[in-house]
Amino acid sequence: MIPSVLPTYNRAPLTFVKGEGAWLTEADGRRFLDLGAGIAVNALGHAHPALVNALTEQAHALWHVSNLYQIPQQQALADRLVDLTFADTVFFTNSGTESCELAVKMARKHFYDQGQPDKVEIITFDGSFHGRSSAGIAAAGSEKMTKGFGPLLPGFVHVAFGDLDGVTNAISDKTAAIMIEPIQGEGGIRPVPDVELKALRQICDDNGLLLILDEVQCGVGRTGKLFAHEWAGITPDIMMVAKGIGGGFPLGAVLATEAAASGMTAGTHGSTYGGNPLGCAVGCAVLDHVATPAFLDGVNRKAGLLRQKLEGLVADHPEVFEEVRGSGLMLGLKCRAPNADVVAAGYDNEVITVPAADNVIRLLPPLTLTEDDIAQAQIRLEKAARQVQGQLASA
């Protein structure tokens, strides 16, 4: 008999009932160090007072009215994002998947309105992840994502990760845009080097294409800049955002230049819940903290310390780990042992990590992680590594 909750997740046997900062309390009372943060969502950790206050105050005033009316909290958050980024305009969604859907529509509508309706193809990269909608899985193109869900949405051309010549060769009269994550998350914490992001920006400029960046996982302070592409000194035409922008409340956005968004006029897109007063009140509170130089400096400092600890872990356990990857507090441990075994050993030692492709475990802790938390991360990951090492020796 099928469970009442559709069984699409292989869930760990853990039930968390309370969270505070970087810590989660299991129903049986055990305390776990959360180095996953809800898959890079809880940017300010669990139950951050500023987010609790923002949500509570807004909940006492007004929850939802729909986008048929003006929403002051939405306007305030849009204005903040425009002031802080390349963007001229913002559309609010509820998730990264919804942001992907709009980014694809926006790019195609841009060229349609320019009298180039055949320019519909978007170049994407092997190992990418852009959500689980029809457009998202077609953009990723992997068998794991697409098997059994055909026919796939057409209009995506896939090239190898890091293959700039492949990008150039894939461009045709039908090409509208290039879409890429500055750091692949689900794909195994694979950063795109700054020089390659610069090259992709130049390729788009030279060929009249739009550059779409998916910063759903790597954005909102996670790399030590507000958005990861800032390290490369470039700007996109369209950017997908979610996860950290809501600090745990379902919230996403698409940021765009005026030119890229020119086709999105009244009636071309919509969302019942997107940008509602609750979500945007929380989003404003997130930016109050994350979008400050002092906060981002702290992310970089803590990221350096955590990475140093992880490099030592790899050096001490070469049978278990191969290398450290990533940027800021978006880090990965490439494993030699099965990554599922490392994640499971982490559960046994009360530390949470997140699996990814390429036999990697992700460390995506709250950006508010403390030095004491980092010390505990080292202790607990060390215990997990020793456990896995023992399993390998007895196998």
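What you see is a predicted model, and the numbers here were worked out from it, not measured in a lab.
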**OP:** Dump the intermediate steps for side-chain contact (heavy atoms from CB on, under 4.5 Å) on Leu333 and Val342, then the final yes or no.
**Re:** CA-CA 10 Å; Leu333 284 168; Val342 179; over 6 Å; no
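- Each of Val354 and Leu369 belongs to its own hydrophobic cluster when Ile, Leu, Val, Met, Phe, Trp and Tyr are linked at side-chain heavy-atom distances under 4.5 angstrom.
- Without hydrogens or angle criteria, Asp358 side chain to Val360 main chain gives no donor-acceptor distance under 3.5 Å.
- In the hydrophobic cluster analysis, where Ile, Leu, Val, Met, Phe, Trp and Tyr join through side-chain heavy atoms closer than 4.5 angstrom, Ile352 is grouped together with Leu363.
- With sequence neighbours excluded, the residues forming a side-chain contact (heavy atoms from CB on, under 4.5 Å) with Arg30 are Leu14, Glu26, Asp28, Phe32, Glu350, listed by chain and number.
- To the nearest 0.5 Å, atom CD of residue Gln202 and atom CG of residue Asn207 are 9.5 Å apart.
- Applying the side chain to side chain donor-acceptor pair (under 3.5 Å) test to residues at least two apart or on different chains, the pairs with a partner in residues 254-270 are Lys105-His269.
- Residues Val290 and Phe227 share a single hydrophobic cluster, defined by chaining ILVMFWY side chains whose heavy atoms lie under 4.5 Å apart.
- Comment: Arg80 engages Asp288 in a salt bridge, judged by a side-chain N to carboxylate O separation of less than 4.0 angstrom.
- Shown here are the ring-ring contact (aromatic ring centres under 6.0 Å, His included) partners of Tyr112, two or more places apart in sequence or in another chain: there are none.
- With respect to Arg190 and Glu181, no salt bridge is recorded, no charged nitrogen being found less than 4.0 Å from a carboxylate O.
- Residues Ser327 and Trp231 bring no donor and acceptor atom of their side chains to less than 3.5 Å of each other.
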**OP:** Start with the C-alpha distance between Trp23 and Leu33, add both sets of side-chain angles, then the distance that settles side-chain contact (heavy atoms from CB on, under 4.5 Å), and finish with yes or no.
**Re:** CA-CA 5 Å; Trp23 295 86; Leu33 179 61; 3.8 Å; yes
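- A distance-only check finds a donor-acceptor pair linking the side chain of Asn359 to the backbone of Cys335 [under 3.5 Å].
- Under the 30°/60° scheme for interplanar angles, the aromatic rings of Phe86 and His229 are found to stand perpendicular.
- Rounded to the nearest 0.5 angstrom, Leu305 CG and Leu310 CG are separated by 9.5 Å.
- In the model, Asp341 has no side-chain atom that pairs as donor or acceptor with a side-chain atom of Gln391 under 3.5 Å.
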**OP:** For Asp205 and Arg201, run salt bridge (charged side-chain N to carboxylate O under 4.0 Å, His left out): C-alpha distance rounded to whole Å, both residues' side-chain angles, the deciding distance at 0.1 Å, then the answer.
**Re:** CA-CA 6 Å; Asp205 292 342; Arg201 177 70 271 179; 2.9 Å; yes
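- A donor-acceptor contact shorter than 3.5 Å links the side chain of Gln74 to the backbone of Gly275.
- With sequence neighbours excluded, the residues that form a side-chain contact (heavy atoms from CB on, under 4.5 Å) with Ala40 are Gln217, Arg222, Lys243, Leu364.
- Enclosure of atom CG in Asp83 by more than 12 non-hydrogen atoms of other residues, nucleotides or ligands within 6.0 angstrom is indicated.
- Atom CD of Glu323 is surrounded by more than 12 heavy atoms from other residues, nucleotides or ligands within 6.0 Å.
- Distance alone, capped at 3.5 Å, is enough to place a donor-acceptor pair between the Asn300 side chain and the Gly224 backbone.
- We find the OG1-CG distance between Thr235 and Asp237 to be 7.0 Å, quoted to the nearest 0.5 Å.
- A donor-acceptor contact shorter than 3.5 Å links the side chain of Asn67 to the backbone of Gly274.
- Hydrophobic clustering (side-chain heavy atoms under 4.5 Å, transitive across Ile, Leu, Val, Met, Phe, Trp, Tyr) groups Leu35 together with Ile374.
- The minimum heavy-atom distance linking Ala228 with Thr223 is given by the pair CA-OG1, 3.6 Å.
- A distance of 11.0 Å separates NE2 in His130 from OG1 in Thr97, rounded to the nearest 0.5 Å.
- Annotation for Leu251 and Gly279: closest pair CD2-O, 3.4 Å, computed over non-hydrogen atoms.
- The closest donor-acceptor contact from the side chain of Asp118 to the backbone of Lys174 lies at 3.5 Å or more, if one exists at all.
- Enclosure of atom CD in Glu371 is not indicated, since only 12 or fewer non-hydrogen atoms of other residues, nucleotides or ligands lie within 6.0 angstrom.
- Nearest heavy atom pair, residue Phe125 against residue Ser128, reads O-OG, 2.8 Å.
- When all heavy atoms of Ala253 and Thr93 are compared, the pair lying nearest together is N-OG1, 3.5 Å.
- When atom types are taken as modelled, the side chain of Arg380 and the backbone of Gly346 share no donor-acceptor pair closer than 3.5 angstrom.
- Heavy atoms from other residues, nucleotides or ligands lying under 6.0 Å from CZ of Phe161 number more than 12.
- Atom CD in Glu121 sits 11.0 Å away from atom CG in Leu209 (nearest 0.5 Å).
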**OP:** For the pair Asp214 and Phe129, evaluate side-chain contact (heavy atoms from CB on, under 4.5 Å) and give the outcome as yes or no after the intermediate values.
**Re:** CA-CA 9 Å; Asp214 182 339; Phe129 182 84; over 6 Å; no
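- Geometrically, Arg108 engages Phe156 in a cation-pi contact defined by less than 6.0 Å to the ring centre and at most 45° from the axis.
- Take Leu6 and apply the side-chain contact (heavy atoms from CB on, under 4.5 Å) test, not counting sequence neighbours, and it matches Ile2, Thr8.
- For Asp79 and Gln75, the side-chain atoms include at least one donor-acceptor pair closer than 3.5 Å.
- Remark: the Thr370 side chain and the Asp373 side chain contain an N/O donor-acceptor pair separated by less than 3.5 Å.
- Gln378 meets the side-chain contact (heavy atoms from CB on, under 4.5 Å) test with Lys309; sequence neighbours excluded.
- None of Gln308, Lys334, Arg307 except one satisfies the side-chain contact (heavy atoms from CB on, under 4.5 Å) rule with Val324; the exception is Arg307.
- Under a 3.5 Å cut-off, the side chain of His48 and the backbone N or O of Gly21 do not form any donor-acceptor pair.
- Salt bridge Asp194/Lys198: absent, no basic N to carboxylate O contact under 4.0 Å.
- Side-chain N/O atoms of Asn53 and Glu57 include no donor and acceptor closer than 3.5 Å.
- Between the side chain of Glu230 and the main chain of Thr85, no donor-acceptor pair closer than 3.5 Å is present.
- Smallest separation of non-hydrogen atoms from Pro355 and Asn339: CB-ND2, 4.0 Å.
- One hydrophobic cluster holds both Val388 and Phe321 under the rule that ILVMFWY side chains link at heavy-atom gaps under 4.5 Å.
- In this structure, the side chain of Ser99 engages the main chain of Ser95 through a donor-acceptor pair within 3.5 Å.
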